[in-house]
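Notes to accompany the following structure.
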Amino acid sequence: EDEKKRFIERGSHKGKGIAVFTSGGDSQGMNAAVRAVVRMGMYLGCKVFFIKEGYQGMVDGCENIVEATWASVSSIIHKGGTLIGSARCAEFREQAGRLKAARNLVEKGITNLVVIGGDGSLTGANLFKQEWPELLQILLKQGKISQEQADKCKYLYIAGLVGSIDNDFCGTDMTIGTDSALHRIIEAIDAIVSTAYSHQRTFIMEVMGRHCGYLAVVTALCGEADYVFIPESPPPEDWPDKLCHNAGQRLNIIIIAEGAIDRNGQPITSEKVKQVVVDRLKQDTRITVLGHVQRGGNASAFDRLLACRMGAEAVMALMEATPETEACVISLDGNQAVRLPLMECVKRTQAVAKAMADREFELAVKLRGSRGVYFIFNCFSQITPMKWSDVTGWVAQGGALLGTKRSLATNKLPQIAARLREFQIQAILIIGGFEAYQAGLQFYENRAEFPEFCIPLCVIPSTISNNVPGTEFSLGCDTAVNEITEICDRIRQSAQGTKRRVFVIETMGGYCGYLATIAGLAGGADAAYIFEEKFSIKDLQQDVYHMAAKMSEGVQRGLILRSVM
Ligand code: ATP
């Protein structure tokens, strides 16, 4: 029954008109979102349009509003920026501009809009929806649309997606583009960290975020920074003392959000911080401002998936809307795509900016909401005490520097208990996949025999296959998906020159199809064959037909993922 409910039938919303546009600043993942809207809309039988150049294209009409085809969004899932263009449009802020826009939409029978942009763009869309009946009346009176058209397009439905690298929108855990920006930043910080540790040098890195410190905070965590400055939570007045608390101290990495301020609302610039470090610690100090590099490049696997899921959900929200439904924004809430009232989220976002302007920083942090969890962990295999500095630089390194084993210690429990006693270990944190769960369970089940195991036991799920219970993501799976996705990109590129070729990529995963399915989505594959979904020769045949149809329409390559048992 549930399965039936989840299945959305092809062609179930025939004839409805949807348009998608991108507005405000661009971000990676916008193209993936546009693609998802087009394909989901077409799957449902809608007529889907692109509006080029954001609201400007909507106001100008003509060749700016074009019908999309399945192939028109082929091979764009990975691309940064927005291929349908974005703009800021002063005309749309005035009713005269919105009248023109309304007329252009009515002419094409478009009554559903997916807007991809920041809080400004979403606010504009909401206003447009509210004003829609009035705009139709005016156009009717002016004789610019017919009564029939007005009746057909009586209601305007809006669904918003937030595209922003800053992660500055309240209501969603992640905005489209943030994860890709973090990829760019982390590549840069890894490069800088290696040189910073080699010299007596302080590196100050400035990342984007005029009103939001998310990128800076995550960068600081991932780059093992010594200090981070963000707008929402300015440092105490005596920050120069706190920053350089003892002479001869070595500062390596300092991260600054571009909008960092002090408690008086004055900017804390990279130059200012540099001056403090140079004056007090006499250290050679260099500034790196990352700038637009952060917005550039391919979208990460996470952003592509986020955009795919949100684009599809936006279309479903529009199809299910009734005249009473408020404009909604599609948000990510703990890995679930949810629909939230658009204006409520916009208002909360604007309240953060106001709180910062009023220097009510605690309120700003509260309004921003909590995101992410921070761990400090400590582990052992052969037992050696660890010092703070022993793990310096580990954060960026793949693999397990402590070493790892697949086998359980079934017949070594007495020795392990003895070692725990010897080293007076009072808690164990196990990082690993299913074996780690089993190891934890084994300790637990043997507590009666070995009181040494009567200590807190905790497992951090960590496996690239993402096949362990109790968590949406295990450590490593996102990195693995990115690797596979990049390989899909490269294969796609190599296939550009050749014609009529299908590539099959085998992924790890065994009985868990996560890697194949998710990388298949992010890599824009045609199909993913996995253990959990039984398929027969009929399904393969169906996919071959699909591939042939696709090739006859001009797309000359196919990509299939297969999870290897
Ligand atoms: P970013 O976060 O990248 O700045 P944004 O969507 O907030 O993105 P804005 O420049 O604020 O960017 O808005 C983009 C466009 O949306 C504006 O140029 C304008 O056309 C439209 N818009 C914004 N606010 C309104 C509004 N209050 N009324 C009508 N239109 C608006």
Side-chain angles (χ1 to χ4, degrees), residues 24-25 27 88 118-120 164-170 175 177-178 181-182 184-186 188-189 192 196 201-223 225-245 249 251-296 348-369 371:
S27 70
R88 312 228 184 234
D119 60 333
S164 159
I165 66 163
D166 292 344
N167 209 18
D168 55 356
F169 193 78
C170 292
T175 56
T178 304
L182 283 171
R184 295 297 99 71
I185 297 172
I186 283 162
I189 194 120
I192 281 181
R201 218 171 250 169
T202 301
F203 282 89
I204 297 174
M205 186 187 264
E206 185 178 308
V207 299
M208 281 188 169
R210 259 175 299 149
H211 306 289
C212 184
Y214 183 85
L215 291 178
V217 168
V218 177
T219 305
L221 278 171
C222 297
D226 300 281
Y227 216 91
V228 57
F229 295 92
I230 60 170
E232 298 95 325
S233 181
E237 303 258 5
D238 61 345
W239 65 263
D241 300 335
K242 292 240 156 45
L243 183 65
C244 314
H245 49 86
Q249 161 199 8
L251 277 173
N252 289 311
I253 308 282
I254 299 170
I255 308 294
I256 306 189
E258 62 175 333
I261 46 176
D262 64 18
R263 299 231 145 235
N264 300 312
Q266 294 304 309
I268 297 182
T269 60
S270 302
E271 280 299 337
K272 205 185 245 177
V273 176
K274 177 179 172 178
Q275 211 50 55
V276 168
V277 178
V278 169
D279 289 350
R280 299 193 180 204
L281 299 178
K282 314 275 181 271
Q283 252 185 48
D284 184 5
T285 304
R286 308 291 168 95
I287 296 174
T288 305
V289 180
L290 282 188
H292 280 77
V293 167
Q294 295 161 90
R295 264 184 214 245
R348 258 176 60 206
T349 303
Q350 289 167 346
V352 179
K354 182 169 182 310
M356 284 194 280
D358 295 346
R359 293 185 218 155
E360 293 197 47
F361 298 112
E362 270 174 32
L363 179 65
V365 171
K366 200 168 139 218
L367 287 167
R368 189 66 88 202
R371 290 186 172 125

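Formation of a donor-acceptor pair under 3.5 Å by the Thr175 side chain with backbone atoms of Ser164 is found in this model. The main-chain N or O of Asn264 is found under 3.5 Å from a side-chain atom of Asp262 such that the two form a donor-acceptor pair. Remark: side-chain polar atoms of Arg201 are not paired, donor with acceptor, to backbone N or O of Arg286 under 3.5 angstrom. Proximity of a side-chain donor or acceptor of Glu258 to a complementary backbone N or O of Val207 within less than 3.5 Å is not detected. Formation of a donor-acceptor pair under 3.5 Å by the Glu232 side chain with backbone atoms of Gly213 is found in this model.
Atoms CG and CG, on Leu215 and Leu290 in that order, are 10.0 Å from each other to the nearest 0.5 Å. Distance check, rounded to the nearest 0.5 Å: CE of Met356 to CD1 of Ile230 gives 9.0 Å. Remark: Gln294 CD to Met208 CE distance equals 5.5 Å, nearest 0.5 Å. Residue Arg280 holds its CZ atom at 11.5 Å from CD of Gln275, rounded to the nearest 0.5 Å. Annotation: the span from Glu271 atom CD to Thr269 atom OG1 amounts to 6.5 Å, rounded to 0.5 Å. Taking CE of Met205 as the start and CD1 of Ile256 as the end, the distance is 11.5 Å to the nearest 0.5 Å.
Ring pair Trp239/Phe229: centre-to-centre distance below 6.0 Å.
Residues Asp119 and Phe169 form a side-chain contact, since some pair of their non-hydrogen atoms from C-beta on lies under 4.5 Å apart. Counting heavy atoms from C-beta on, the side chains of Leu281 and Thr202 never come closer than 4.5 Å. With contacts defined as side-chain heavy-atom distances shorter than 4.5 Å, the pair Pro235/Leu243 does not qualify.
When the salt bridge (charged side-chain N to carboxylate O under 4.0 Å, His left out) test is applied to Lys282, no partner is found at least two apart in sequence or on another chain.
Summarising the geometry of Val277 relative to Cys244, their closest heavy-atom pair is CA-SG, 4.4 Å, with the distance given to 0.1 Å.
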